[in-house]
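One structure is given below, encoded as structure tokens.
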Amino acid sequence: CSRTLAAEVTAPLDVPGFDRAAMDGFALRGAETAGASEYNPLEFRVPGQALPGQPYAGDVPPRTAVRIMTGAPMPDGVDAVIPAEYATETAGQIVVTRPVAPGQHVGHRGEDLQAGSAALGVGRRLRPQDLGLVASLGLDHVTVVRQPRVRVLVTGNEVKTPGTPKGAYDVYDANSYMLRGLIARDGGVLEAFRRLGDDPDTIRTALLAPGADVILVSGGSSVGREDFAPRLIAEIGELAIHGVAMRPSSPAGIGRIGGTLVFLLPGNPVSCLCAYDFFAGRALRLLGGRPTDWPHRTRQAVVARKIVSAIGRVDYCRVRFVDGRVEPIALSGASILSSTTRADGFVIVPAPCEGYGPDAVAMCSPASP
């Protein structure tokens with residue numbers, strides 16, 4: 001599931017492949033039940049039965065009915081099924097007390113899909129029912145877009161593995177765990193994960209290793225002495241963007257090494273989350289054949305307390321709902337990851353806007369990423 005079709009699925013056969021009963025009951029000629037009622041019961045002889053996978057063998061003479069189960073092939077010469085509850089069977093015959101129209105309670109050949117028709121189109125994101133449809137056509141595989149392979153590189157000597165001891169001034173790695181969930185959400189597959197510290201040779205080797213379509217570098221994305229990743233990407237590839245007018249995530253960057261896209265994600269957790277959603281997530285969805293649209297639900301919301309921004313800068317503002325309105329819970333603090341778990345959603349303040357005053361209407365995503 002959730003993979004994207006790269007080629008149209010065409011039905012190689014009719015579904016269903018034969019006329020079949022849509023209910024348990026008795027197969028007969030619908031016209032012969034005309035006028036049946038409690039006051040005018042009609043009798044039909046029952047010479048045998050049809051079961052799923054076991055058709056009735058033989059002719060069906062007039063005023064004859066064949067006992068039939070749902071999904072069983074319709075015998076030749078009959079065109080309707082009277083439900084079992086509307087027929088009383090005794091001593092090899094049934095009594096019918098209501099009419100049934102020709103074709104009623106019968107599934108006809110090809111009524112679901114006809115051979116040669118398009119079953120599923122290119123670009124469709126497969127759901128469980130789609131897989132069921134593919135299987136019903138007798139197909140054991142379909143062609144899908146390859147999932148982008150994503151390498152996660154975490155820099156920083158101070159970043160330690162959860163579950164291990166750390167020094168007083170060290171921090172535990174939160175970003176890689178967050179990124180794994182985001183990668184899975186956007187249809188990528190983790191190619192490799194490495195904690196690299198701040199050794200430039202180690203970072204260079206990890207950037208140049210083959211096998212990834214996308215590399216996410218967490219931390220070391222700014223312009224400090226220990227921020228080696230931007231310089232290395234520029235040396236061995238191309239650093240097209242470094243620094244964006246956005247809060248948080250201003251140190252984010254985008255580059256390329258050969259055919260591999262590289263995204264610089266700031267080390268502060270909220271900045272990392274924000275930069276991924278704005279830049280890397282869109283790339284993953286595009287590579288995997290998914291829409292690049294914003295992956296979160298949005299709706300209009302009335303602002304309860306002023307949301308402050310600056311013209312020329314995009315702001316990612318965590319908000320909570322209070323009496324049906326939104327108010328900011330954090331306007332800064334890119335390291336305060338709990339602000340995303342305490343938030344009911346977030347508001348993106350676009351660059352041309354200096355914020356939203358009380359009673360203004362803003363677009364809000366009601367669930368934090």
Worked check of salt bridge (charged side-chain N to carboxylate O under 4.0 Å, His left out) between D14 and R109: CA-CA 7 Å; D14 292 333; R109 175 173 181 161; 2.9 Å; yes
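- Ion pairing between R151 and E191 holds under the 4.0 Å rule for side-chain N and carboxylate O.
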M363 and R299: side-chain contact (heavy atoms from CB on, under 4.5 Å), yes or no, with the steps? CA-CA 6 Å; M363 293 304 297; R299 69 176 178 87; 5.6 Å; no
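- Taking a 6.0 Å sphere around CD of E85, one finds it holds more than 12 heavy atoms contributed by other residues, nucleotides or ligands.
- Salt bridge present: D173 and R195 bring a charged side-chain N and a carboxylate O closer than 4.0 Å.
- We find that D186 and R285 are joined by a salt bridge, their nearest charged nitrogen and carboxylate oxygen being less than 4.0 Å apart.
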Take D359 and R325 through the test salt bridge (charged side-chain N to carboxylate O under 4.0 Å, His left out) and record every step on the way to the result. CA-CA 9 Å; D359 299 323; R325 297 184 165 209; 2.5 Å; yes
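- G188 approaches Q147 most closely through the heavy-atom pair O-NE2, 4.1 Å.
- The shortest non-hydrogen separation linking E354 to I311 is CB-CG1, 3.8 Å.
- Residues L133 and A119 approach most closely at CD2-O, 4.1 Å, considering heavy atoms.
- Ion pairing between a basic and an acidic side chain is recognised when a charged N comes within 4.0 Å of a carboxylate O; R124 and D130 show such pairing.
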Quick one: do Y177 and F193 satisfy side-chain contact (heavy atoms from CB on, under 4.5 Å)? Show the steps, please. CA-CA 10 Å; Y177 295 92; F193 161 65; 5.9 Å; no
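- In this structure, R63 and E32 approach most closely via the heavy-atom pair N-OE1, 2.9 Å.
- In terms of modelled atom types and a separation under 3.5 Å, the side chain of Y276 and the main chain of L216 share no donor-acceptor contact.
- Considering L196, I233, T260 in turn, I233 is the only one that fulfils the side chain to side chain contact (heavy atoms under 4.5 Å, CB included) rule with L207.
- More than 12 heavy atoms of other shown residues, nucleotides or ligands fall within 6.0 angstrom of atom CG in D199.
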Go through the steps to decide whether R204 and E235 satisfy the test salt bridge (charged side-chain N to carboxylate O under 4.0 Å, His left out), and finish with yes or no. CA-CA 10 Å; R204 179 191 295 268; E235 287 178 2; 3.0 Å; yes
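- Hydrophobic clustering, defined by side-chain heavy atoms of Ile, Leu, Val, Met, Phe, Trp and Tyr closer than 4.5 Å, groups I82 together with F26, L28, L42, F44, V46, Y86, I94, V96, V100.
- Using a cut-off of 4.0 Å between Lys/Arg side-chain N and Asp/Glu carboxylate O, E327 and K306 are scored as not salt-bridged.
- Looking only at distances, a side-chain donor or acceptor of T64 sits under 3.5 Å from a matching main-chain atom of P62.
- Contact annotation: the side chain of R125 approaches that of S2 to within less than 4.5 Å [non-hydrogen atoms, C-beta and beyond].
- Between R320 and D344, none of the side-chain N atoms (NZ, or NE/NH1/NH2) sits under 4.0 Å from a carboxylate O, so this pair counts as no salt bridge.
- Other residues, nucleotides and ligands place more than 12 heavy atoms under 6.0 Å from the CG atom of N40.
- A donor-acceptor distance shorter than 3.5 angstrom exists from the side chain of N175 to the backbone of G267, with no hydrogens or angles considered.
- For the pair I183 and V189, the tightest heavy-atom approach, listed with the atom from each and the gap, is CG2-N, 4.0 Å.
- P12 places a side-chain heavy atom less than 4.5 Å from the side chain of L139.
- Nearest heavy atom pair, residue T155 against residue G220, reads OG1-N, 3.5 Å.
- Annotation: side chain of L120 is not in contact with side chain of E8 (no heavy-atom distance under 4.5 Å).
- Relative to the ring axis of F228, R231 does not place its NZ or CZ within 45° and under 6.0 Å from the centre.
- The backbone N or O of R247 lies less than 3.5 Å from no partner atom in the side chain of S250, so there is not a single donor-acceptor pair.
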Does the side-chain contact (heavy atoms from CB on, under 4.5 Å) test come out yes or no for L5 and V145, once each step is laid out? CA-CA 6 Å; L5 276 179; V145 178; over 6 Å; no
Could you walk me through whether S249 and F279 pass the side-chain contact (heavy atoms from CB on, under 4.5 Å) check? CA-CA 11 Å; S249 304; F279 307 115; 5.5 Å; no
Run the numbers on R290 and T4 for side chain to side chain donor-acceptor pair (under 3.5 Å), then give the verdict. CA-CA 7 Å; R290 297 188 180 189; T4 301; 4.6 Å; no
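- Around CD of Q114, the count of heavy atoms belonging to other residues, nucleotides or ligands within 6.0 Å does not exceed 12.
- The closest side-chain heavy-atom distance from I215 to F263 is not below 4.5 Å.
- Counting heavy atoms from C-beta on, the side chains of S37 and R98 never come closer than 4.5 Å.
- Using cut-offs of 30° and 60° for the angle between ring planes, the Y316 and F346 rings count as tilted.
- Between D277 and H296 there is a side-chain heavy-atom pair separated by less than 4.5 Å.
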